[in-house]
Each structure stands twice: as structure tokens, then as C-alpha cells.
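Here is the structure we will look at.
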Amino acid sequence: MPTDPRQRRAARHAQPAGEQSGASPRKKPITVDRITDAALQVVAAEGYDALTIRRVAAVLGTGPSSLYAHIVSKEDIDDLLVGRLCSEVVLPEPDPAAWRRQILDVYVQIRDQYLKYPGVSRAALGVVPTNLSTLRVREGLLAILLTGGIEPRRAAWVLDALSLYVSAYALEQSLVQQRRSDPDQEWVLGREELIRRFTALPADTFPQTRRYAAELTSGTGHDRFDFTLGLIIDNLTQPPQPQPTPASDTAG
């Protein structure tokens with residue numbers, strides 16, 4: 001800008017009112033919420049394998065260095081993703097008369113959130129959650145189990161087992177859908193074709209597979225999901241099996 005007042009005035013009058021030469025629209029600031037939105041956009045459109053810091057930065061119209069003011073690594077984005085999905089989960093007031101149904105309902109919600117974004121459940125595998133929204137859901141699940149009379153350590157361990165199963169289930173479903181959309185992946189078979197192949201196996205080598213082909217292929221994925229969670233939950237009230245006493249190292 002010219003220092004002489006007359007030159008500054010002339011410069012202002014040399015362009016249309018309300019416009020500044022060379023000015024560009026102000027960019028929206030990078031925030032944690034915008035990073036999370038962009039990451040979910042990448043996963044929804046391209047799958048979890050496409051999720052990188054560079055790809056998220058491109059969606060935001062900036063460079064990767066801009067993101068490092070808010071995150072430390074790709075694992076931070078994973079934590080944000082799981083936290084965002086968990087923020088959508090509705091937790092019930094723990095009810096000792098309905099705790100089994102409540103546990104199943106919460107995990108169904110988590111499953112359905114994962115299934116919206118292909119492969120995103122991988123972000124929940126192998127990490128200790130620190131996001132407050134994720135911890136909120138874990139706190140709610142623990143409260144339900146404790147209200148149901150489950151011993152604290154048993155409740156803690158079953159939360160790990162159920163969370164692992166739900167993440168693995170959602171990941172498998174996303175892989176199946178991905179392979180079905182690929183015309184080269186012809187090995188993804190429907191139930192009728194599986195039954196036909198199972199019943200065509202040699203009877204002397206696969207007698208049980210031939211005989212129970214219908215049972216082996218029965219039920220939808222969600223039917224089996226409910227069965228597996230029910231199997232785990234219903235066995236929580238069974239008394240734990242006694243552990244064998246280790247043999248003494250010295251003869252008595």
C-alpha cells in the first residue's frame with residue numbers, strides 16, 4: 001500500500017468499490033471437527049484403505065502440515081473417527097431387568113455406525129480409546145453389565161471380547177461388499193451355490209458338510225451377529241470354571 005495519502009486514495013479509486021486487487025476468499029480454519037468430517041468423507045467415498053493424512057488434507061484444500069497443529073498421527077484420526085461414530089450411540093438407563101437386551105441394543109448401534117463407512121471398524125482394532133465419546137459408550141456398557149450383577153473383572157473382559165467381535169464382524173461385512181462389487185471376485189458365492197458345492201463334495205471325506213449344508217449356510221449375517229452376542233451375554237451369568245491348581249515344583 002502506498003505511504004502517501006494521495007497515492008493511497010488514488011489506489012482505492014482505481015478499482016471497483018468493495019473489491020480489493022489480488023484478494024482471495026478467506027479459508028475456513030482447520031479444526032478437529034473439520035478433520036473428522038473430511039476423514040469420514042474419504043472413508044465413505046473410497047473406503048478405509050484410502051484414508052491418509054495427505055488425503056484428508058486434500059479434501060480440506062490444504063497441506064498435511066496444516067493438520068499437524070491438531071493431530072499427531074494417522075492414529076489420532078482413527079481415534080477421532082471412532083469417537084465421532086460413538087457420539088451417535090444412544091445409551092439407556094441401566095435396568096437390571098433388561099440388561100441383556102440393553103447390551104445387545106448398544107452393540108447393534110455400534111455395528112450399524114461401522115457399517116455406514118466401509119472398513120472403518122479397523123480404526124477401533126488394536127488401540128486403547130482415549131476419545132471422550134468412545135469412553136462415554138464404554139462407561140455406559142460397563143454400567144449396564146454391573147447393573148446386571150456381573151463381577152467387575154468379568155464385565156471388563158467381556159467388553160473387550162464383544163467390542164473385538166463387533167469390529168471384526170463389521171470389517172468382514174465391508175470386505176464382502178467390496179469383493180461383491182468387483183467383477184473379478186467371482187468366488188464370493190451366494191447361499192444356493194454354496195449348498196450345491198457342499199452337497200457335491202465326496203461323501204466319504206465330507207459326510208457332515210454334505211449332510212448339514214443347509215444349516216452351515218443358514219441365517220443372515222445379522223442373524224449370526226445376534227446369536228454370537230447372545231451366546232456370550234447369556235453365559236456371563238454362569239459361574240466361572242475353577243482354575244486347575246498348578247502342580248508343585250517340589251515333591252511333598
Side-chain angles (χ1 to χ4, degrees), residues 18-91 105-141 160 162-185 188 221-222 225:
E19 295 185 10
Q20 294 184 355
S21 177
S24 58
R26 184 178 179 182
K27 288 186 177 181
K28 294 177 64 175
I30 302 298
T31 64
V32 168
D33 281 342
R34 289 192 67 212
I35 291 172
T36 308
D37 290 340
L40 285 173
Q41 181 180 332
V42 172
V43 176
E46 306 170 43
Y48 181 79
D49 287 339
L51 183 64
T52 63
I53 291 178
R54 185 174 298 277
R55 186 72 191 88
V56 172
V59 171
L60 293 171
T62 187
S65 59
S66 299
L67 273 59
Y68 286 113
H70 306 277
I71 62 169
V72 176
S73 63
K74 162 66 165 46
E75 286 68 29
D76 273 358
I77 295 181
D78 288 343
D79 200 34
L80 290 172
L81 288 178
V82 177
R84 172 65 66 79
L85 299 180
C86 283
S87 71
E88 301 294 326
V89 173
V90 178
L91 294 171
D105 175 70
V106 173
Y107 274 115
V108 165
Q109 291 184 64
I110 296 171
R111 176 200 70 191
D112 291 346
Q113 287 296 321
Y114 286 161
L115 291 178
K116 291 179 181 179
Y117 301 95
V120 76
S121 63
R122 282 171 55 187
L125 293 170
V127 296
V128 177
T130 58
N131 188 282
L132 292 181
S133 293
T134 309
L135 293 175
R136 176 190 71 92
V137 171
R138 196 169 186 84
E139 169 76 14
L141 287 165
D160 284 345
L162 289 170
S163 298
L164 178 61
Y165 174 75
V166 173
S167 295
Y169 173 86
L171 178 58
E172 182 190 46
Q173 291 295 306
S174 68
L175 290 173
V176 169
Q177 292 303 317
Q178 180 184 12
R179 289 165 178 166
R180 281 179 175 164
S181 65
D182 185 346
D184 294 330
Q185 298 288 350
V188 182
H222 286 3
F225 178 93

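Every value quoted in this text rests on a predicted model; they were computed, and no experiment measured them.
Every residue was checked against the ring-ring contact (aromatic ring centres under 6.0 Å, His included) condition with Tyr48, not counting sequence neighbours, and none meets it. In this view, Thr31 satisfies the side chain to side chain donor-acceptor pair (under 3.5 Å) rule with no residue, not counting sequence neighbours.
Within 6.0 Å of CG in Leu132 there are 12 or fewer heavy atoms belonging to other residues, nucleotides or ligands.
Between Lys116 and Asp112, none of the side-chain N atoms (NZ, or NE/NH1/NH2) sits under 4.0 Å from a carboxylate O, so this pair counts as no salt bridge.
At a threshold of 4.5 Å between non-hydrogen side-chain atoms, the residues Leu67 and Thr62 count as touching. Between Asp76 and Ile35 there is no side-chain heavy-atom pair separated by less than 4.5 Å. Contact check for Leu81 versus Tyr117: no side-chain heavy atoms found under the 4.5 Å cut-off. Put simply, the side chain of Val82 does not reach to within 4.5 Å of the side chain of Asn131, judged on heavy atoms. Side-chain atoms of His222 and Val108, non-hydrogen and from C-beta on, never get closer than 4.5 Å to each other. The closest side-chain heavy-atom distance from Val120 to Leu51 is not below 4.5 Å. For the pair Val166/Phe225, a side-chain contact is recorded, criterion being any heavy-atom separation below 4.5 Å from C-beta on.
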**Request:** Begin with the C-alpha distance, continue with both residues' side-chain angles, and end with the deciding distance and a verdict on side-chain contact (heavy atoms from CB on, under 4.5 Å) for Leu85 and Ile110.
**Result:** CA-CA 8 Å; Leu85 299 180; Ile110 296 171; over 6 Å; no
**Request:** Could you please spell out the steps behind the side-chain hydrogen bond (donor to acceptor under 3.5 Å, both in side chains) verdict for Thr130 and Asp79?
**Result:** CA-CA 7 Å; Thr130 58; Asp79 200 34; 2.6 Å; yes
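Closest approach of Pro129 and Leu135 over heavy atoms only: O-CD2, 3.6 Å. Leu91 and Gly140 make their closest contact through CD1-CA, 4.0 Å (heavy atoms, listed as atom of the first residue, atom of the second, distance). Smallest separation of non-hydrogen atoms from Val89 and Arg136: O-NH2, 2.8 Å. The minimum heavy-atom distance between Leu171 and Gly119, with the atom names listed, is CD1-CA, 4.2 Å. Shown here for Arg138 and Ser163, the closest heavy-atom pair between the two residues is NH1-OG, 4.0 Å. When all heavy atoms of Ala50 and Val42 are compared, the closest pair comes out as O-CG1, 3.8 Å.
Note that OG of Ser121 and CZ of Arg111 are 12.5 Å apart. Values are rounded to the nearest 0.5 Å. Summarising the geometry, atom CD1 belonging to Ile30 is positioned 13.5 Å from atom OH belonging to Tyr68; distances are rounded to the nearest 0.5 Å. Between Ser87 atom OG and Gln113 atom CD the span is 7.5 Å, to the nearest 0.5 Å.
Listed by first then second residue, pairs satisfying salt bridge (charged side-chain N to carboxylate O under 4.0 Å, His left out) with a partner in residues 36-51 read Asp37-Arg84, Glu46-Arg55, Asp49-Arg122, not counting sequence neighbours.
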